[in-house]
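Below is one structure, written out as C-alpha cells; the observations come after it.
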Amino acid sequence: MSTRESNPRQIDASRSDETRDGAMTRRNHDAPSQALNMAGKGGRKSTSPDGPGTGTAVITRTKTQTQRPSMYRVLLLNDDYTPMDFVIGVLCTFFHKDFDDANRIMWQVHNNGVGECGVYTYEVADTKVTQVMDHARKHQHPLQCVMEKK
Ligand code: TYC
C-alpha cells in the first residue's frame with residue numbers, strides 16, 4: 001500500500017484576481033508589493049498595497065480527503081503434519097481467538113484447505129505471517145501462513 005494515506009487537495013483562493021463582488025482586478029502576485037517598495041524611501045508605510053482600510057483579504061479553503069488503507073486477509077493453509085493443537089495455539093496466540101473460534105477455524109482449514117485468521121492493514125498482516133512462520137519453523141512444523149489483498 002502506498003503509505004499512503006492522506007491526500008489533501010488545496011484550493012487556494014489567493015491566486016484569484018477576482019474580488020469578492022466579482023469584479024476583476026489586475027494584480028501581479030509575484031511582483032514586490034507597493035508597500036515594500038515605499039518602505040525606506042520616505043513614502044507612506046502601509047500594511048496593504050492598496051493602503052490602509054481597503055480590506056484586502058486572502059481566503060483559503062482546504063479540503064482534506066482521507067483514504068482508507070487496503071486490507072489484507074491472513075490465511076492458514078492445511079497440511080498433513082502440523083498437529084491440530086498447534087494450529088489452535090497459533091490462532092489463540094497470534095490472532096487472539098478464543099478456543100471455540102480457534103477450533104472452528106482450524107477445522108475449516110483442515111476440511112477446506114484454507115481458512116481466514118483475520119483481516120489487517122499491510123504491515124500488521126505481514127508481521128503476523130512472519131510471526132506464525134517463524135513459530136512453525138521453530139517447532140519444525142510445515143504450517144504455511146500467507147496474506148492476500150482483499
Ligand atoms: N491437517 C492437520 C492434521 O490433520 C491439521 C491442520 C489444520 C494443519 C490446519 C494445518 O493450517 C492447518 N493434523
Side-chain angles (χ1 to χ4, degrees), residues 1-37 39 46-50 54-150:
M1 176 178 59
S2 42
T3 27
R4 58 234 190 258
E5 312 313 321
S6 81
N7 180 18
R9 193 157 62 98
Q10 216 178 40
I11 300 161
D12 185 353
S14 69
R15 303 300 292 183
S16 170
D17 286 331
E18 196 173 344
T19 58
R20 270 230 249 202
D21 59 3
M24 296 300 287
T25 60
R26 257 187 278 144
R27 182 176 294 122
N28 182 353
H29 293 277
D30 299 324
S33 74
Q34 192 107 30
L36 243 173
N37 288 344
S46 169
T47 53
S48 158
D50 299 329
T54 55
T56 303
V58 176
I59 300 165
T60 303
R61 202 167 29 182
T62 304
K63 187 175 176 188
T64 304
Q65 289 186 328
T66 52
Q67 288 187 325
R68 281 176 296 194
S70 301
M71 300 303 282
Y72 293 79
R73 283 191 189 96
V74 175
L75 307 171
L76 279 180
L77 308 182
N78 190 37
D79 65 73
D80 292 336
Y81 304 102
T82 305
M84 292 180 172
D85 285 352
F86 185 84
V87 177
I88 292 170
V90 163
L91 288 159
C92 292
T93 303
F94 298 108
F95 300 97
H96 310 292
K97 304 297 184 190
D98 61 28
F99 178 84
D100 286 353
D101 276 350
N103 193 43
R104 183 182 49 75
I105 295 166
M106 186 281 295
W107 280 108
Q108 153 78 24
V109 179
H110 178 79
N111 290 325
N112 299 317
V114 62
E116 185 180 288
C117 309
V119 178
Y120 308 95
T121 55
Y122 181 88
E123 286 79 5
V124 175
D126 191 48
T127 299
K128 294 205 184 278
V129 168
T130 300
Q131 287 173 333
V132 171
M133 294 298 285
D134 287 352
H135 183 65
R137 194 175 305 123
K138 183 173 151 190
H139 292 269
Q140 302 190 319
H141 297 311
L143 180 64
Q144 295 294 302
C145 185
V146 298
M147 60 195 270
E148 73 169 27
K149 196 169 185 193
K150 274 199 82 146

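In each ligand, atom 1 is the first atom listed, and ligand 1 is the first ligand listed.
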Less than 4.5 Å apart, any side-chain heavy atom of [X] and any of [Y]?
X	Y	value
K149	Y122	no
V87	V109	no
M71	T121	yes

### Residue among N103, I88, V90, L91 satisfying side-chain contact (heavy atoms from CB on, under 4.5 Å) with K97
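Exactly one option meets the side-chain contact (heavy atoms from CB on, under 4.5 Å) with K97, and it is L91.
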### Task
Determine the interplanar angle of the H141 and H139 rings, folded into 0 to 90°, and report it as parallel if under 30°, tilted if 30 to 60°, perpendicular if over 60°.
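Geometry flag for H139 against H141: parallel rings.
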### Message
Tell me which residues fall inside the under-4.0 Å heavy-atom shell around ligand 1.
### Response
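Residue list for ligand 1: L76, L77, N78, D79, T82, M84, V87, M106, V109, H110, L143.
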### Message
Main chain of V74, side chain of E148: is a donor-acceptor contact present, judged purely on distance under 3.5 Å?
### Response
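Absent.
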